[in-house]
2 protein chains.
Amino acid sequence: MKMKMDVALDTKECWNCPIKHQAVCARCEPDELTRLEEIKYYRNYDAGQPVIWAGDHMEFVASVVTGIASLSQTMEDGRTQMVGLLLPSDFIGRPGRDSAPFDVVAVSDLTICCFRKKPFEELMTTTPHIGQRLLEMTLDELDSAREWMLVLGRKTAREKIASLLAIIARRDATLKKHSPKDGMTFDLPLTREAMADYLGLTLETVSRQISALRKSGIIELDGKRRVVIPSLEKLMNETGDDVDGGLIA
Amino acid sequence: MKMKMDVALDTKECWNCPIKHQAVCARCEPDELTRLEEIKYYRNYDAGQPVIWAGDHMEFVASVVTGIASLSQTMEDGRTQMVGLLLPSDFIGRPGRDSAPFDVVAVSDLTICCFRKKPFEELMTTTPHIGQRLLEMTLDELDSAREWMLVLGRKTAREKIASLLAIIARRDATLKKHSPKDGMTFDLPLTREAMADYLGLTLETVSRQISALRKSGIIELDGKRRVVIPSLEKLMNETGDDVDGGLIA
DNA sequence: GCGCGACTTTGATCAGGATCAAACCGGGAC
DNA sequence: GTCCCGGTTTGATCCTGATCAAAGTCGCGC
């Protein structure tokens, strides 16, 4: 049985061609996307700033260029659940729909690349591989969302934290272009509260479980945000996931 | 603010044309799909029978014709989380991928219509609207999965049960081709255990909360499975969702 | 009818995480 | 430096839902 890992935090390929780590890669500029120049523009947001409210009329689709955004829903009484993290190269928007289903909020300083929706949709019909790429990305996102449902529905608080750390570790390694390994170090891109909203916990429980993992020697902390993973295998053993040796999905 | 409802349980349109309630509708037969005749075949399963195991090599894609199947994942220690229900017209399979990400199990007696994958993928490239339809369906599923994450991560047991009942009520009304209304009656298509697996609860909690809703007069029971909703509004008030009068999404 | 088995209900107790509360830490403005 | 403030940690207690256990219901085959 192979190990499953959520890919929601992985950096994806350019949605226009198979280049990793870029929303719109250099290689694309010479071909189809040049046609988009006139409908393409950039937006910048500060950490914490809302980008889109659920229900907003969307006159654009977009792609994250730098920074992190969260996708989340909030109930009337304030309970909120993060349903996804948007990382560089992730796509924002629904071709064919005119309102946004969820709130998008900048977690860090954020730059997105917007395309006016109508012309983008036209491009999709004339350039089939863009549609195919979007379908593939959407299928990946769907699998990730479903894998996260196991985390939310069935895992303990400790397993949830370990799962999140494992995902961030993996994502971070990908960004740095090497595979995850023992002794790796990274910064948590989220506050305790944001982690809680992602995991369906309270911030106090997140804090306690992180302390517990530290006391168990599963992780080491350098300040509040910097994490060291002495043994990846030990961390994986805490996730509740089926591990069979490697980080191969 | 409009009310959101999970659409995972809704009956979808034919993936080849915009006709409701049929996986492959009569209208489609004369055009593109006739070309598929030679690659199309049916499979039947009994209630409880596994259809696909996660990791299986998939040489086909398929569409549910009649019956209900569940999509779920199970941890090594037996904890399981249902991540979706597959209803008539729902699509099974991943064009471009060769192994199944989740287990599929027949919940009721089930008939699916299979298409050999290779020729289906070729059809997708030559018939763009099939790809577009698949993208739309996948986006809907993604939204549903994300909405369900709120249920799993943040709702109480009572809210979870009310949410599930509301969804089933809505789905059932759609099947019967009228809108949900006070006094409506339907059969639960799931055992208490399956509901628990869908909601991230134990079967005992499901049973207790159903009893509690009955005692509160939110629902009436006729036997174990048949449910009457005297007031849709009262049920909706128990879901924790933002309701503004109607069942309009 | 009887007995069996799958499913469901209900009860008693337990425990994991939420809640309420207070203190702590670190960085930036002044 | 000091103050302040957002983010974090830790403690005490509570409560929801899990767990363990037993009994009830229904349908079906014999």
Side-chain angles (χ1 to χ4, degrees), chain A residues 46-49 70 75 77-81 105 107-108 151-165 187-216 219-227 238 240, chain B residues 46-49 75 77-81 105-108 151-165 187-216 219-227 238 240:
Chain A
D46 295 332
Q49 201 179 348
S70 71
M75 294 169 70
D77 60 9
R79 283 177 279 177
T80 89
Q81 177 65 51
V105 181
V107 168
S108 64
V151 175
L152 291 175
R154 293 299 184 194
K155 290 195 179 180
T156 64
R158 174 181 260 245
E159 289 170 339
K160 286 179 175 183
I161 297 287
S163 299
L164 181 58
L165 290 175
D187 280 317
L188 292 172
L190 303 173
T191 64
R192 301 288 185 262
E193 187 178 21
M195 289 188 247
D197 285 342
Y198 200 30
L199 295 167
L201 297 171
T202 58
L203 67 91
E204 294 95 330
T205 299
V206 169
S207 179
R208 269 185 251 275
Q209 294 298 334
I210 288 179
S211 297
L213 286 176
R214 184 175 49 69
K215 278 171 198 148
S216 307
I219 60 172
E220 290 159 20
L221 289 178
D222 174 12
K224 311 284 187 190
R225 294 292 191 92
R226 181 151 282 264
V227 177
E238 299 293 332
Chain B
D46 295 333
Q49 201 178 348
M75 294 169 69
D77 60 9
R79 283 177 279 176
T80 89
Q81 177 64 52
V105 181
V107 167
S108 65
V151 175
L152 291 176
R154 293 299 185 193
K155 289 195 179 179
T156 64
R158 174 180 259 244
E159 289 170 338
K160 285 179 175 182
I161 296 287
S163 299
L164 181 58
L165 290 175
D187 280 316
L188 292 172
L190 302 172
T191 64
R192 299 291 185 262
E193 187 178 22
M195 288 189 246
D197 285 342
Y198 200 30
L199 296 168
L201 298 170
T202 59
L203 68 91
E204 294 95 330
T205 299
V206 170
S207 180
R208 268 186 252 275
Q209 294 297 334
I210 288 179
S211 298
L213 286 175
R214 185 175 49 70
K215 278 171 199 149
S216 307
I219 61 172
E220 290 159 19
L221 288 178
D222 174 11
K224 311 284 185 188
R225 295 290 191 94
R226 180 151 281 264
V227 176
E238 299 293 332

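In what follows, chains carry the letters A, B, and so on, assigned in the order in which the sequence lines appear, proteins first and then strands, with residues in each chain numbered from 1. Everything numeric here is computed off the predicted structure, so don't read it as measured data.
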- Would you say C/dG17 has OP1 or OP2 under 4.0 Å from some side-chain N or O of A/T205? no
- Task: Whole angstrom is fine here: how far is it from CZ in A/R225 over to C1' in D/dG6?
- Result: 11 Å
- Distance, rounded to the nearest Å, where A/R79 contributes CZ and C/dG17 contributes C1': 15 Å
- Is there a donor-acceptor contact under 3.5 Å linking the side chains of B/R158 and B/S216? yes
- Does the base of D/dG11 carry an N or O that pairs as donor and acceptor with the side chain of A/R208 under 3.5 Å? yes
- Note on the structure: With the side chain defined as heavy atoms from C-beta on, B/L201 is closest, among C/dT19, D/dG17, C/dT8, to D/dG17
- Testing C/dT10, C/dG17, C/dT19 for proximity to the side chain of B/E204, the answer is C/dT10
- Query: Between A/T202 and A/R208, does any side-chain donor sit less than 3.5 Å from a side-chain acceptor?
  - Reply: no
- Note on the structure: Considering only heavy side-chain atoms of B/T156, the closest of D/dG17, D/dT19, D/dT10 is D/dG17
- Task: Measure from the side-chain heavy atoms of B/A157 and tell me the nearest of D/dA21, D/dG17, D/dT9.
- Result: D/dG17
- Task: Measure from the side-chain heavy atoms of A/L203 and tell me the nearest of D/dT9, C/dC20, C/dT9.
- Result: D/dT9
- From C/dT8, D/dT9, C/dA18, nucleotide with atom closest to A/T202 side chain: C/dA18
